[in-house]
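Below you'll find the structure, written out as structure tokens, and then a few comments.
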Amino acid sequence: MSSAGTNPRKAVVVGAGPVGCLAAMSLAKAGWSVDIYEGRPDMRLPSSKAAAQQRSINLAISARGLAAIQAIDPAAADRFLSTVIPMRGRMIHDAQGRLQSQPYDRDGQCINSIGRAYLNEDLLGEALSIPVIRAFFQHKVTAIDFDSKTMSVRDVQGAKDATVPFDFCVGADGSYSIVRRQLMRVVRMDYQQEYILHEYIELKMPAGPPTEPGGDPTFLLDPNHLHIWPRHTFMLIALPNKDKTFTCTVFAPTEEFDRLQSDEVIVRWFHANFPDALPLIGEEALLQDFHRNPRSALMSIKAKPYHYKDRAVILGDSAHSMVPFYGQGLNCGLEDVRVLHILLRDTGVDPMVHPPDSQEDAALASALARYSASRHEDLVAACELAMDNYVEMRHSVTTLGYRFRKALDNLLYSLNWKHVTAKDVVEPLLTKTFLPNPGGWLPLYTMVTFRPDISYSTARRKFQRQSHVLEIAAWVSAGVVAGTASITCASILRRLYNRP
Ligand SMILES: Cc1cc2nc3c(=O)[nH]c(=O)nc-3n(C[C@H](O)[C@H](O)[C@H](O)COP(=O)(O)OP(=O)(O)OC[C@H]3O[C@@H](n4cnc5c(N)ncnc54)[C@H](O)[C@@H]3O)c2cc1C
Ligand SMILES: NC(=O)C1=CN([C@@H]2O[C@H](COP(=O)(O)OP(=O)(O)OC[C@H]3O[C@@H](n4cnc5c(N)ncnc54)[C@H](OP(=O)(O)O)[C@@H]3O)[C@@H](O)[C@H]2O)C=CC1
Ligand SMILES: Nc1ccccc1C(=O)C[C@H](N)C(=O)O
């Protein structure tokens, strides 16, 4: 017999990244007592900040991530929105340094540059302001026994090991997840990990001088764009920061980086490929960053299922690490939390009810099974969209065909009488995972980035159908043009030779 206790059951969240923090808030809101275990030191301490500053300074948050935060903590979503830098389109820098702005959305919707550390610290602070949430920093989870519902935790500072009991374990421990690896021992998990042949290095573009003496520093590029230097097989991008700097990232094949062996070659390569960016970054700073910052790998991870019985689930990068090219990795991870939150609630999981040790919590098991079954298609679609967007960013944006398709997409989109923005769809997402198939023509970018009511897989399927329609239209138009041309030629020939 299950018993209704006076204390809630205990959930452990492994990882205090943004996904772990939001998951902890969601569980606390649902009535669980929550302990977060984080291998690294508390990121809010000044001593932790220097290490964090070396990589991934900012990221793009868009409607899916914001809708997820809104569903769990509306005040935090409002706070983030007031601090972000909106980017309303891509700014393409060609090899001659000429600029071309390509808006993301016909109605002016934006993606938003936000400081990664700020976002994470704010979510952590918010989580820890909830009395039922506790965090253990520098506590690395090393093993988990899901059948006895215990995990081994190493206190990194004291080098002490402890065994921690739990009722429900949420893995939000990133791409190299220990929770995922431990789950593989008890679950027949399909798992695929793929390193792509490209790597990345981050560089800093400093703020510009004030326009008047004693004034504030200025941005060296337009801050309301995501800047791209597409060079077909590689690219440079830049996202703005609040301190008027830009974080630039070079993405290139390993062999391209391997050729950059000396300072002279690095500067020459930069000068040849990104002539307008080089003076803004500065040669000295470029070389310093090139030598000091890590050259990091890029990978994609797909897994299925994401849960085990009534006691464990993986969320965020631990379940679906994706290449960063759509700017959706974190948005998708935060969306995982929203989807799970709704399924737990819909299935009637009650953290105050303690099933006996020998029995499973049927509602929780069912919610987790529904999560794995319904989420997989979307996570695979998100990973694949991310791969495809690399080709779009580094190559397609420079082609006439792409611009023609974009113009046609927007023309057909303008015939869509239903003008829905991310803001309009947030309310239903507090209680529903996604809404049914949307009608009318919608560009892929709009669906993925600005329509959190449309799942990734629905967006991808709709895009494929729309592409098919355009292909047929192109063939029909080509046929009509060819037909008209041949009739015209025939009539000219007839007239030339004076035949009836
Ligand atoms: C270059 C780059 C740019 C990106 N840009 C964007 C973007 O613009 N927009 C976007 O949406 N996404 C972006 N992403 C993806 C985004 O960074 C990730 O999806 C996101 O950080 C995942 O969050 P998470 O909370 O799942 O994992 P993480 O942020 O990795 O957090 C995991 C946490 O778990 C802790 N941990 C790990 N193992 C253990 C253990 N054994 N015990 C205890 N704690 C542990 C780690 O210390 C860490 O704090 C980008 C990624 C890269 C690489
Ligand atoms: N999809 C992709 O291509 C990429 C995704 N990312 C993701 O972006 C997020 C933030 O990046 P960032 O902070 O730079 O992440 P990091 O790669 O620095 O570290 C994230 C976590 O993974 C652990 N880790 C790192 N490398 C390994 C490894 N080779 N084997 C085992 N564990 C490892 C780290 O452990 P420790 O603290 O002990 O160092 C840390 O716990 C993370 O979610 C990361 O997963 C990052 C790079 C590429
Ligand atoms: N944040 C990123 C990080 C790395 C690479 C791309 C992004 C993007 O956000 C790309 C944007 N969605 C675009 O399609 O232009």
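Computed over heavy atoms, backbone and side chain alike; hydrogens, waters and symmetry mates excluded. Just follow the structure's listing: the first ligand is 1, and inside any ligand the first atom is 1.
Residue Gly333 places no heavy atom under 4.0 Å from ligand 1. The closest approach between any non-hydrogen atom of Met322 and ligand 1 is not below 4.0 Å. Look at Thr249 and you'll find every heavy atom at least 4.0 Å from all atoms of ligand 1. The shell of residues lying under 4.0 angstrom from ligand 1, judged by heavy atoms, excludes Met43.
Distances below 4.0 Å separate heavy atoms of Arg40 from the following atoms of ligand 1: 47 (O). When each atom of ligand 1 is checked for a heavy atom of Gly39 under 4.0 Å away, the hits are 43 (C), 44 (N), 45 (C). The ligand atoms of ligand 1 that sit less than 4.0 angstrom from a heavy atom of Pro18 are 25 (O), 29 (O). Of all the atoms in ligand 1, the ones that sit under 4.0 Å from a non-hydrogen atom of Val19 are 23 (O), 24 (P), 25 (O), 26 (O).
Polar contact with ligand 1: absent for Ser318 (N/O pair, distance under 3.5 Å). For Phe251, no nitrogen or oxygen atom sits less than 3.5 Å from a nitrogen or oxygen atom of ligand 1, counting backbone and side chain alike.
The closest side-chain donor-acceptor pair between Tyr104 and Gln109, if any, does not fall under 3.5 angstrom.
Of the candidates Ala386, Gly329, Pro324, Ala60, Pro324 brings a heavy atom nearest to atom 2 (C) of ligand 3.
Here His93 pairs with His227, Trp229 under the ring-ring contact (aromatic ring centres under 6.0 Å, His included) rule; sequence neighbours left out.
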